[in-house]
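Data first, discussion second: the structure below is written as C-alpha cells.
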Amino acid sequence: MTEMIRIARVEKLEQDPVLRHETAPQRQDDQVLVRVRAAALNFADLLKAKGQYQEPADPPFIPGLEAAGEVVEAPADSALTPGMRVAISHPGTMADLIVTSETALIPIPDSMSFEQAAGFQVAYGTSHLALAGPGDLRPGQTLAVLGAAGGVGLTAVEIGAAMGARVIGIARGADRAETVRAAGAETVIDSTSCTDLRAALRELGGVDVIYDPVGSEPGEQAFGALRRGGRFLVIGFAGGKPPRLPLNHALVKNIAIHGFYWGGYRSLDPAALRRSLQDLFQMFDAGRLKPVAGASLPLERLTEGYQLLRDRKAVGKVIITL
C-alpha cells in the first residue's frame, strides 16, 4: 500500500505555503530516506517565498532548509542505519518523509532533542564559522550583535561569550533583553529606545567585531563604532535592505567587510562546514551550548510561523513539529 504523507508547498510567490497530502517519495539506490520529526523556519524561507533568496526556487516547492529526524532506509554501504537520529541540511524539509544524500545528514547526540537539532545547524553553524573564521574573534575583544534575540543573533551572543569575548547585544524590548543577557551578553542595548546606536556603542568603548543579520540603518550606525582593524560580518538583511557602508572609512581604518553565507560553504568548503557542526554538537553534548526554546508549532500551523518571522516577534528559532 502506497504511503501518503503531509507536505507543505509554496505554490505561488508572495503566498504562504499550503498543506497537501501526497504520495511518499521513493528512495534511489544512492539516497537516504528520512522521517522528519521537526523542521526549522529561517528568514531565508521568507525570502524564498518572495523569490528574493540567493538560491531561488520556482514554485511549486517545499519550504524549509534544515530539520531533524530518523533514518528509515539507507544504501547498503552507508555509515547511516535505520533508526539513527540525524540533523538534515537540505531544501524541502517541511514534509513527513524526504529523500536526500548522505552528505546532507549528520548524526546528533542522544542528549539533543529533535526540536533542538532542527534549528541548530544554520543558526549555530553560521555564528561559529563566521566568528571563528573571517570574524577572527579573540578573547577579550568586543563583539556587537545586531538582532541579538533572533534565531542567529542569540547563537552569536552565546558562542561569542564562549569564545571569551565581551558581548554587546542589540535587541527590541525588555523581555528580549533578558533573554539576550541570559545567553551571555555583558551589555544589552534596547533598540526601541536607542536613538543613536553608533554613539551608544562608542560610549561603551567601541567594537572589534560586528555581527549583522539585520542590515539597514542599524548596520550603518553600528559600523561607525568599529575600532581600527575591526571586522564587519554581513550575515543577512532582516531589516529589509543591505546597510550602506562607507568604504572610505573601511579603507582609512583598515576595516574588513566580510559577507558570510553558511549555505555557500556546502560548495566553498564542505569539510570546514562539517567540522564546525561536529565541534558544535560536541559543545552541546558537553553542556556548553544551551539553545533557547523558541516557538514550536505543528505543521498545520506553519503559516503562523511565517507571520512570527515577518513581525520579528520570534525569540530563538521557530520550530515546526511533524
Side-chain angles (χ1 to χ4, degrees), residues 43 46-47 123 126-127 130-131 135 137 140-161 165-260 292 294 307-316:
F43 186 72
L46 293 184
L47 296 178
T126 294
S127 295
L131 293 175
L137 183 64
Q141 292 190 331
T142 299
L143 165 69
V145 180
L146 304 181
V152 293
L154 270 176
T155 65
V157 171
E158 190 176 5
I159 291 173
R166 172 198 179 209
V167 182
I168 302 171
I170 298 93
R172 291 183 175 185
D175 290 346
R176 291 184 175 188
E178 285 306 310
T179 301
V180 172
R181 197 171 281 109
E186 179 180 307
T187 305
V188 182
I189 297 172
D190 187 342
S191 60
T192 60
S193 58
C194 179
T195 57
D196 191 339
L197 181 58
R198 173 177 174 270
L201 290 172
R202 283 191 164 190
E203 286 176 10
L204 292 169
V207 178
D208 296 295
V209 179
I210 291 172
Y211 183 96
D212 181 17
V214 177
S216 296
E217 290 186 11
E220 296 165 19
Q221 292 182 26
F223 183 87
L226 274 172
R227 297 170 178 155
R228 292 183 180 276
R231 285 82 71 199
F232 189 98
L233 296 171
V234 182
I235 305 298
F237 314 117
K241 60 183 180 181
R244 294 173 296 180
L245 303 179
L247 297 185
N248 56 325
H249 290 190
L251 186 153
V252 172
K253 296 174 69 175
N254 288 297
I255 289 171
I257 301 169
H258 200 292
F260 188 89
V292 173
Q307 197 59 47
L308 281 173
L309 291 183
R310 283 194 201 96
D311 295 340
R312 296 178 66 182
K313 291 182 178 179
V315 176

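Small disclaimer: the values here were computed from a predicted structure and weren't measured.
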Under the criterion side chain to side chain contact (heavy atoms under 4.5 Å, CB included), I'd like the reasoning laid out for V209 against T142: C-alpha separation, chi angles, the key distance, then a yes or no.
CA-CA 7 Å; V209 179; T142 299; over 6 Å; no

Ignoring hydrogens, what is the shortest heavy-atom contact between V145 and V167? Give both atom names and the distance.
CG2-CG1, 4.2 Å

Side chains of V214 and I170: does their closest heavy-atom pair fall under 4.5 Å?
no

Verify side chain to side chain contact (heavy atoms under 4.5 Å, CB included) between R228 and N254, making sure each step is shown before the conclusion.
CA-CA 6 Å; R228 292 183 180 276; N254 288 297; 5.7 Å; no

Should we count CZ of R172 as having more than 12 external heavy atoms under 6.0 Å?
no

Scanning both residues in full, the closest heavy-atom pair of V157 with A148 reads CG2-CB, 4.0 Å

Let me confirm one number: the CG-CG distance from L245 to D212, rounded to the nearest 0.5 Å.
8.0 Å

Would you name the heavy atoms of G169 and A185 that are closest together and state the gap between them?
N-CB, 4.1 Å

Atom CD of E217 with >12 non-hydrogen neighbours under 6.0 angstrom:
no

Got F43 and I235 here, is their nearest side-chain heavy-atom distance under 4.5 Å?
no

Is it true that atom CG of D196 has more than 12 heavy atoms of other residues, nucleotides or ligands lying nearer than 6.0 Å?
yes

How about I255 and F223: do any of their side-chain heavy atoms sit closer than 4.5 Å?
yes

Distance from K253 atom NZ to N248 atom CG, nearest 0.5 Å?
11.0 Å

Using 0.5 Å steps for rounding, measure from the CD atom of Q221 to the OG atom of S191.
10.5 Å

Kindly check if the number of other-residue, nucleotide or ligand heavy atoms within 6.0 Å of CZ (R244) is above 12?
no

If we ignore hydrogens and angles and just use 3.5 Å, is the side chain of T155 paired with the main-chain N or O of A123 as donor and acceptor?
yes

With rounding to the nearest 0.5 angstrom, report the CG to CD1 distance, L137 to I159.
10.5 Å

Can you check whether G230's main-chain N or O pairs, donor with acceptor, with D208's side chain at less than 3.5 Å?
no

Spell out, as yes or no, whether a donor-acceptor pair under 3.5 Å connects the side chain of R310 to the backbone of L46.
no

On a heavy-atom basis, the closest approach of F237 and P243 is CE2-CD, 3.9 Å

Shortest non-hydrogen contact from A165 toward L143:
CB-CB, 4.5 Å

Rounded to the nearest 0.5 Å, what separation is found between the CG atom of D190 and the CZ atom of R176?
10.0 Å

Quick one: does L204's side chain get under 4.5 Å of E186's, heavy atoms only?
no

What's the shortest heavy-atom distance between R231 and Q141, and which atoms?
NH2-OE1, 2.8 Å

Side chain to side chain, Y211 and V152, heavy atoms closer than 4.5 Å:
yes

Can you spot which of L233, I210, V234 makes a side chain to side chain contact (heavy atoms under 4.5 Å, CB included) with I257?
V234

Taking S216 for the side chain and K241 for the main chain, is one N or O donor matched with an acceptor at less than 3.5 Å?
yes

